[in-house]
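What follows is a set of notes on a single structure, which appears directly below.
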Amino acid sequence: MSEDIFEIGGLKFSSRLLTGTGKYSDDSVIPAVCESSGSQIITVALRRVDLESKTGNVMDFIPKHMQLLPNTSGARTADEAVRIARLARAMGCGDWIKIEVISDSKYLLPDGYETAKATEILAKEGFVVLPYVNADLYIARSLVDAGAAAVMPLGSPIGTNRGLKTREMLRILIEEISLPIIVDAGIGRPSEACEAMEMGADACLVNTAIATACDPIMMAKAFGRAVKAGREAYLSGPGAKHRNAIASSPLTGFLSEG
Amino acid sequence: MSFYPISDEYSKLPLLEKFESVTEADVHRAISATTASPEDFLAMLSPAAIPFLEEMAQKASQLTLQNFGKTIQLFTPLYLSNYCTNRCIYCGFNTTNDIPRTQLEPSQLEEEAQAIASTGLKHLLILTGDARKKASPQYLESCMEVLSKYFPSVSIEIYAMDENEYASLVKSGVDGMTMFQETYNEELYPTLHPAGPKKDFRYRLDAPERSCKAGMRVVNIGALLGLDNWRKDALLTGIHASYLQKKYPDVDVAVSLPRMRSHAGTFKPASIVSDQDMVQNMLALRIYLPRVGITVSTRESPDFRENILPLGVTKMSAGVSTEVGGHSQKGEKVGQFDISDERSVEEMRAALIKHGYQPVFKDWEPIGNNEVNK
């Protein structure tokens, strides 16, 4: 089998697991998480970045080889997301941006309309835009038109660890959308990441499930392996599932009978 | 529509009887509900829930970890002014208390801001008494010109304002608002606040909502537990927070859990709120509103603050002085209330790390008027 490359924003990656930097009891565990998971892309909330910090800056713990994916956590409108993205670039965080526009502090569900607006503006400004959205075909199509580099649909509400509640919608996105589909949010167990990859998702982003595990480093390793296993299963073309055992062709067998 | 009709409706209910009539089965149902209802919240605040505190703690702890991780956001209060026209009978700044009154001038403010910023703190809470002629909205805006240089996030805990005044402060860089209703008991309220602008129960009750409308990002409410039966005020605080969360989904709603402490004056609280009561309140609130921020101040002792870390708290003050100018000038002054946890920011940081929690110093980046976005 030739090497499986994940291409996004003009760059090539061998890992299909994206990780995050939130909710850790101690940010100093982040380098070990990156290493054990094999992840090469990491998201960080710009609101937490403090380049002049006297008390430790999350950026100090992100290994140099990682592709940085700043996110717009805290943005409530397209305009705020655009402002945060520009700030991120001005602060030296690069051209990649994960758009999160959330104006619901209770369920943290993303606002698809505002996200699409921000995507369009930022893509025109040369950003590599990865928008976080609901698993909705129309939103996904509008993101393709807006110039997104990938679509990041949620598996279930962010931070809930509830798995792939949007399974059927994800399946449609995977089938219909030409951009990479990165399942983001809600993945609580490695088996769920594996399932998303088996379904044909291009990658998964996992933060809470790793950051809040008792042993984040071991959990990161488990997710790294699960994503790889799921990807390989997808590439190998699993046999079709049947509810009943099927031994012959009772309805069409006559066609081959002499 | 405001919160007032809802609070009024609750005030007509026999709440103490309702708390007493909760059964074990009600508590079980409340704890195991996927989404807790106001009735479930009441059940978890009732005496019947006391034998189930450990079970509630397990759930509250899991919800806190899931929603906030093992992190505590740190902030400190900065008292700008202690002039006050109110006569709140439990407060050290009561206008009739014979204490030295002072207000920071911009040059003194710079010194205070530098002293606080040197500890690494990035989230600041500014406070004044209720004297709008002295600590006027214009004065506060001029303070923001200094403070914005040092702090990416500044919240206010001041007198109740009109919506347009809050909007002006938002424009000047204020992003959070704290307002304690003190008690939701409308009959008791005027006896505790006999004179001054704060006497207006309803104007204060609707202040958090006006600030939501004005564009505040974080709105923090609370009752001063002990002024009335704590269960009643805890219930109404949660219902108020839920009301704001539903109506203003883009606002981060938080709740403080202050209980009465001693201060200059002679007021004795109506009820003593025990550690167990505090814990029950926090657990019930976390299960009822899993995403709500919970703030615990240095009114609480170091031991208690460390013990409650896994139970729901998300924000804590550190390096606190409740005196005007207390961060940069040392000397004998009178604070608004006595604090129990006198640890410095560095000591607090070390304590959190020791317990496996990340002290979060910065969790906001102002996006309004910076260079790249002009």
- [ ] Look at atom CZ of B:Arg343 and say whether more than 12 heavy atoms of other residues, nucleotides or ligands are closer to it than 6.0 Å.
- [x] yes
- [ ] For residues B:Gly356 and A:Ser25, report the shortest heavy-atom separation together with the two atoms involved.
- [x] O-CB, 2.8 Å
Open item on the list: Tell me whether A:Met66 at atom CE has more than 12 heavy atoms from other residues, nucleotides or ligands lying less than 6.0 Å away.
Closed with: yes
Open item on the list: Quick check on A:Glu35: does its CD atom have over 12 non-hydrogen neighbours (other residues, nucleotides or ligands) under 6.0 Å away?
Closed with: no
Task: Taking every non-hydrogen atom, the tightest pair across B:Ile367 and A:Arg83 - done: O-NH1, 3.1 Å
Open item on the list: If I take atom CD1 from residue B:Ile353 and atom OG from residue A:Ser28, how far apart are they, to the nearest 0.5 angstrom?
Closed with: 9.0 Å
Task: Option that, when pairs with chain B are counted at under 4.5 Å, heavy atom only, ranks first among A:Val58, A:Thr208, A:Asp50, A:Val49 - done: A:Asp50
- [ ] Tell me the residues of residues 103-113 of chain A whose non-hydrogen atoms fall below 4.5 Å from those of chain B, in number order.
- [x] A:Ser103, A:Asp104, A:Ser105, A:Lys106, A:Leu108
Open item on the list: Under 4.5 Å from any heavy atom of chain A, what part of B:Ser153 do you find: side chain, backbone, both or neither?
Closed with: neither
Task: Approximate separation, where rounding is to 0.5 Å, of B:Gln358 CD and A:Asp27 CG - done: 4.0 Å
Task: Donor-acceptor pair, side chain of A:Arg48 and main chain of B:Asp363, under 3.5 angstrom - done: no
Open item on the list: Under 4.5 Å from any heavy atom of chain A, what part of B:Asn67 do you find: side chain, backbone, both or neither?
Closed with: backbone
Task: Heavy-atom neighbours of A:Lys124 NZ exceed 12 at 6.0 Å - done: no
Task: B:Lys362 side chain vs A:Arg47 backbone, donor-acceptor pair below 3.5 Å - done: yes
Open item on the list: At a 4.5 Å cut-off on heavy atoms, which part of B:Arg217 comes close to chain A: side chain, backbone, both, or neither?
Closed with: both
Task: Contact class of A:Thr212 relative to chain B, heavy atoms under 4.5 angstrom - done: both
Task: Heavy atoms from other residues, nucleotides or ligands near CZ of B:Arg291 exceed 12 (cutoff 6.0 Å) - done: yes
Task: A:Ser73, part contacting chain B, at a heavy-atom distance under 4.5 Å - done: backbone
Task: Part of B:Tyr357 within contact of chain A (heavy atom distance under 4.5 Å) - done: backbone
Task: Residues of residues 245-255 of chain B near chain A, each having a heavy atom less than 4.5 Å away - done: B:Gln245, B:Lys246, B:Pro249, B:Asp250, B:Val251, B:Asp252
Open item on the list: Looking at A:Lys117, I'd like to know if its NZ atom is crowded, meaning that more than 12 non-hydrogen atoms belonging to other residues, nucleotides or ligands lie closer than 6.0 Å.
Closed with: yes
